[in-house]
**Q** 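Please see the structure below; I have some questions.
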Amino acid sequence: MRLFVITGTCGAGKSTMRDSLGEILDPEKYACVDSDEVGLNWWDYAGTEREEKYGEDTLKGAVRMAGGKNLVFVSCLNPQDYFAKVAAPEEIEATYFVALCPSDKTIEQRLKARPAERGFTSDEIIRPHLEYNRWFRKNKGKFSLFIDNGNETVEETTKKIAAFITSMPG
């Protein structure tokens, strides 16, 4: 199984890519899973002695959901945490990270446009997401594919990612 992690901060377009890629990738070969679909809640881990296990447990659930297919996993997971802290399931033979990183202005606009129940109701709440977005930009060389998708259509970004995924051996 190959693992393709579509990552970025909140508002980068990860869930949109999950939906869009799910429509064009061969469903016999690829399973597209959003970390939100796995059924684990971050708040059950936050502030506990097992906080760092959230990413690992979510990945294990996604691998189970993939049922042996290559996994396109939509998550905020980053390469540093993955390689340093996550014990990847043995089914994973190769891992590729695809970062979505639009401008901070785009992230801010997208987060402020979300419904209030999503919780992005103040600059103080949005600020850490902008800082995380800047981290992605500063570390863009650590990703197999880095896309500034702020001025691209969903279709343009989807085509780039699909082309990358289908070009990988295996």
Side-chain angles (χ1 to χ4, degrees), residues 1-43 54-79 81-82 86 88-89 91-92 94-121 125-126 129-130 132-133 136-137 140 143-168 170:
M1 164 187 286
R2 292 175 293 151
L3 170 64
F4 299 91
V5 180
I6 310 294
T7 190
T9 194
C10 292
K14 299 180 303 293
S15 295
T16 300
M17 283 300 103
R18 182 254 176 252
D19 295 342
S20 189
L21 287 164
E23 292 177 7
I24 67 167
L25 290 174
D26 182 349
E28 296 296 319
K29 294 180 181 179
Y30 300 96
C32 298
V33 178
D34 192 313
S35 60
D36 294 340
E37 295 174 293
V38 175
L40 299 177
N41 187 331
W42 160 247
W43 296 111
Y54 174 75
E56 185 174 316
D57 291 350
T58 304
L59 179 58
K60 285 179 185 175
V63 166
R64 276 192 303 275
M65 291 173 72
K69 299 174 188 174
N70 293 307
L71 175 59
V72 179
F73 183 51
V74 173
S75 171
C76 289
L77 189 62
N78 66 59
D81 288 344
Y82 177 77
V86 173
E91 296 93 332
I92 298 173
T95 302
Y96 306 91
F97 279 85
V98 177
L100 299 177
C101 189
S103 70
D104 288 354
K105 181 180 177 183
T106 299
I107 293 291
E108 187 172 11
Q109 289 171 338
R110 290 177 181 177
L111 294 179
K112 286 183 176 181
R114 288 182 172 180
E117 62 267 14
R118 299 277 310 263
F120 296 100
T121 55
I125 292 170
I126 292 173
H129 300 282
L130 297 176
Y132 195 38
N133 196 53
F136 280 97
R137 198 170 297 112
K140 70 182 188 176
F143 298 93
S144 306
L145 179 62
F146 182 90
I147 301 173
D148 178 344
N149 59 321
N151 293 317
E152 292 186 346
T153 66
V154 170
E155 294 77 18
E156 290 170 328
T157 304
T158 302
K159 285 180 184 177
K160 283 182 182 179
I161 296 172
F164 172 76
I165 288 172
T166 58
S167 73
M168 291 296 108

**Q** Between the side chains of E155 and K159, is the shortest nitrogen-to-carboxylate-oxygen separation below 4.0 Å, so that they form an ion pair?
**A**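 A salt bridge is absent here (no side-chain N lies under 4.0 Å from a carboxylate O).
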**Q** So, taking the atom named CG in L21 and the one named CD1 in I165, what distance separates them when rounded to the nearest 0.5 Å?
**A**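 That separation rounds to 5.0 Å.
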**Q** Out of curiosity, N149 CG to C101 SG, how far, rounded to the nearest 0.5 Å?
**A** 8.0 Å
**Q** Heavy atoms, side chains only, cut-off 4.5 Å: are L71 and F4 in contact?
**A** no
**Q** Any idea which heavy atoms bring A62 and V33 closest together, and the distance?
**A** CB-CG1, 3.9 Å
**Q** My understanding is that only one of N70, I92, V72 makes a side chain to side chain contact (heavy atoms under 4.5 Å, CB included) with L3; could you say which?
**A**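 By the side chain to side chain contact (heavy atoms under 4.5 Å, CB included) criterion, L3 pairs with just one of N70, I92, V72: I92.
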**Q** Would you say the side-chain atoms of R2 pair up with the backbone N or O of T95, donor to acceptor, closer than 3.5 Å?
**A**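 Not confirmed, R2 side chain does not pair with T95 backbone.
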**Q** Do the ring centers of Y82 and F97 come within less than 6.0 Å of each other?
**A** yes
**Q** Below 4.0 angstrom, N of the basic side chain to O of the carboxylate: do R137 and D104 qualify?
**A**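 Yes, R137 and D104 are salt-bridged.
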**Q** Relative to the ring of H129, is the ring of F120 parallel (under 30°), tilted (30 to 60°) or perpendicular (over 60°)?
**A**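 Judged by the thresholds at 30° and 60°, the geometry between F120 and H129 is perpendicular.
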**Q** If you look at every heavy atom in R114 and C10, which pair is closest and at what distance?
**A**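 Closest pair (atom of R114, atom of C10, distance): NH1-CB, 4.2 Å.
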**Q** Show, in sequence, the C-alpha distance, side-chain angles and deciding distance for F164 and Y96, and conclude whether the side chain to side chain contact (heavy atoms under 4.5 Å, CB included) test is met.
**A** CA-CA 10 Å; F164 172 76; Y96 306 91; 4.0 Å; yes
**Q** Please name the pair of heavy atoms, one in L25 and one in A162, separated by the smallest distance, quoted to 0.1 Å.
**A** CD2-CB, 4.1 Å
**Q** Would you say K69's side chain and P27's backbone share a donor-acceptor pair under 3.5 angstrom?
**A** yes
**Q** Do V98 and F146 touch side chain to side chain, with heavy atoms closer than 4.5 Å?
**A**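 V98 does not reach F146 side chain to side chain.
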**Q** Can you measure from CG (L77) to CD (E56) and round to the nearest 0.5 angstrom?
**A** 10.5 Å
**Q** Which atom pair, heavy atoms only, marks the closest approach of P89 to L59?
**A**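 What the structure gives for the nearest pair is CD-CD2, 3.9 Å.
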**Q** Strictly distance-based, threshold 3.5 Å: is any side-chain N or O of T158 a donor or acceptor partner for the main-chain N or O of V154?
**A** yes
**Q** Check whether any side-chain heavy atom of N41 sits under 4.5 Å from a side-chain heavy atom of Y54, and report yes or no.
**A**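 The answer is no; the side chains never approach within 4.5 Å.
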**Q** Does I126 reach the side chain of K112, with side-chain heavy atoms less than 4.5 Å apart?
**A** yes
**Q** If the plane angle is over 60° it's perpendicular, under 30° parallel, otherwise tilted; pick one for F136 and Y132.
**A**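 If you compare the ring of F136 with that of Y132, the planes turn out perpendicular.
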**Q** Determine whether T157 and K160 make a side-chain contact, defined as any pair of heavy atoms from C-beta on separated by less than 4.5 Å.
**A** no
**Q** Just by distance, with hydrogens left out, do D34 and S15 show a side-chain donor and acceptor under 3.5 Å apart?
**A** yes
**Q** Using distance alone, with no hydrogens and no angle criterion, decide if S75 and S35 have a side-chain donor and acceptor under 3.5 Å apart.
**A** no
**Q** With a 4.5 Å limit on heavy-atom distance, are the side chains of P102 and I107 in contact?
**A** yes
**Q** A side-chain contact here means heavy atoms from C-beta on lying under 4.5 Å apart; do M17 and V74 qualify?
**A** no
**Q** Rounded at 0.5 Å granularity, tell me how far CD in E156 sits from OG in S20.
**A** 11.5 Å
**Q** For residues V63 and M1, determine if any side-chain heavy atom of one lies less than 4.5 Å from a side-chain heavy atom of the other.
**A** yes
**Q** Under 3.5 Å, is there a donor-acceptor pair between the side chain of K14 and the main chain of T9?
**A**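 Side chain of K14 to backbone of T9: a pair is present.
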**Q** Using 0.5 Å steps for rounding, measure from the CD atom of E91 to the CZ atom of R64.
**A**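 E91 CD to R64 CZ: 9.5 Å, rounded to 0.5 Å.
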